[in-house]
Amino acid sequence: MGGAILCFPAGWTLAQKFGRPMMRIHKPVAKYTEDIGKRVQRLLDGIRPGIGMLRGTAHHSNAPLHNPRTEEIGRVPEGDLPFIRVERQCLFRLPESGAVVFSIHTSIILPEDLTAEQKAVLEEFPIREAA
């Protein structure tokens, strides 16, 4: 990570990630194995200027939107997971520097606040539980 603006951290701080390689940035993520790291690097290497990439994630969470906890403190303690946390992630390669810009737009919502259409989609495509 060579530059960043962080508004809504999700259980981490910028000081712990800035200037670090991808494997170190994802150290606390148990599922982020060496194999996944290699695949993510290939994906990043394949991003070309002028062609962006969009992906999304969703998971159940008990953390508020602004959750600046350090890795040493850890995530919010386990318990009820009242929120659905959704991330829209966009990646672009800058044409002159070749740097990849990675942005995340994060939202949290209570399941009871979903529209009928959103509830139907969530039933058809449920959020997978963490293993």
Side-chain angles (χ1 to χ4, degrees):
M1 179 185 303
I5 296 172
L6 178 62
C7 299
F8 299 104
W12 57 280
T13 65
L14 190 54
Q16 292 182 299
K17 309 297 182 179
F18 191 76
R20 307 291 198 288
M22 289 292 282
M23 286 304 294
R24 173 57 190 92
I25 289 170
H26 290 91
K27 180 181 175 186
V29 181
K31 288 186 172 187
Y32 200 90
T33 62
E34 191 76 31
D35 180 55
I36 298 233
K38 288 177 183 175
R39 288 191 272 161
V40 168
Q41 191 60 54
R42 269 197 314 269
L43 179 131
L44 292 172
D45 291 344
I47 296 173
R48 301 290 173 239
I51 303 173
M53 187 180 109
L54 173 70
R55 70 180 296 264
T57 67
H59 65 275
H60 297 283
S61 175
N62 62 352
L65 184 59
H66 186 258
N67 183 30
R69 300 169 68 87
T70 64
E71 290 174 8
E72 293 77 25
I73 293 172
R75 302 267 178 180
V76 172
E78 292 298 321
D80 290 337
L81 303 172
F83 302 113
I84 297 173
R85 185 180 185 96
V86 177
E87 295 181 354
R88 183 183 67 223
Q89 304 173 351
C90 300
L91 296 96
F92 300 92
R93 184 169 303 278
L94 298 176
E96 290 185 34
S97 68
V100 173
V101 175
F102 178 57
S103 69
I104 303 173
H105 180 268
T106 304
S107 302
I108 61 171
I109 190 168
L110 294 168
E112 58 266 25
D113 292 336
L114 294 170
T115 66
E117 181 182 8
Q118 290 169 328
K119 288 177 184 177
V121 171
L122 191 57
E123 278 190 34
E124 186 177 354
F125 303 100
I127 297 170
R128 289 182 283 168
E129 299 299 324

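These numbers come from a predicted model, not from an experiment.
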Legend entry - Pair Met1-Leu14, side-chain contact (heavy atoms from CB on, under 4.5 Å): steps then yes or no: CA-CA 10 Å; Met1 179 185 303; Leu14 190 54; 3.6 Å; yes

Inset, instruction - Could you walk me through whether Val40 and Met22 pass side-chain contact (heavy atoms from CB on, under 4.5 Å), step by step? - result: CA-CA 9 Å; Val40 168; Met22 289 292 282; 3.7 Å; yes

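A distance of 8.5 Å separates CD1 of Ile84 from CG of Leu110, quoted to the nearest 0.5 Å. A distance of 7.0 Å separates CZ of Arg85 from CD1 of Ile108, quoted to the nearest 0.5 Å. Within the model, atoms CG of Leu91 and CD1 of Ile47 stand 4.5 Å from one another, a figure rounded to the nearest 0.5 Å. With values rounded to the nearest 0.5 angstrom, Ile127 atom CD1 is found 10.5 Å from Ser61 atom OG. Rounding to the nearest 0.5 Å places CG of Leu54 at 8.0 Å from CZ of Phe92.
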Could you pull out all donor-acceptor pairs under 3.5 Å where a side-chain atom in residues 118-126 meets a protein atom, sequence neighbours excluded?
residue, atom, partner, partner atom, Å
Gln118, OE1, Thr115, N, 2.8
Gln118, OE1, Thr115, OG1, 3.3

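At a threshold of 4.5 Å between non-hydrogen side-chain atoms, the residues Leu94 and Pro49 do not count as touching. Here the side chains of Asn62 and Asp80 are not in contact, with every heavy-atom distance at 4.5 Å or above. Considering only heavy atoms from C-beta on, Arg88 stays 4.5 Å or farther from Thr57 through its side chain.
Pairs passing the side chain to side chain donor-acceptor pair (under 3.5 Å) check and including a residue from residues 99-109, sequence neighbours excluded, do not occur. Listed by first then second residue, pairs satisfying ring-ring contact (aromatic ring centres under 6.0 Å, His included) with a partner in residues 20-57 read His26-Tyr32, not counting sequence neighbours. Every pair passing salt bridge (Lys or Arg N to Asp or Glu O under 4.0 Å) that includes a residue from residues 15-26 is listed here, sequence neighbours excluded: Lys17-Glu71, Arg24-Glu71. The salt bridge (Lys or Arg N to Asp or Glu O under 4.0 Å) pairs that include a residue from residues 33-60 are Asp35-Arg39, where partners are two or more places apart or lie in different chains. The list of salt bridge (Lys or Arg N to Asp or Glu O under 4.0 Å) pairs with a residue in residues 97-118, not counting sequence neighbours, is empty.
Using a 4.5 Å cut-off between side-chain heavy atoms of Ile, Leu, Val, Met, Phe, Trp and Tyr, with links allowed through other members, Val101 and Phe18 fall into different hydrophobic clusters. Hydrophobic clustering (ILVMFWY, side-chain heavy atoms < 4.5 Å, transitive): Met23 and Phe102 are in one cluster.
Taking both residues in full, the closest heavy atoms of Pro82 and Pro111 are given as O-CD, 3.0 Å, listed atom of the first, atom of the second, then distance.
Here the side chain of Arg93 pairs no donor or acceptor atom with the backbone of Ile51 at under 3.5 angstrom.
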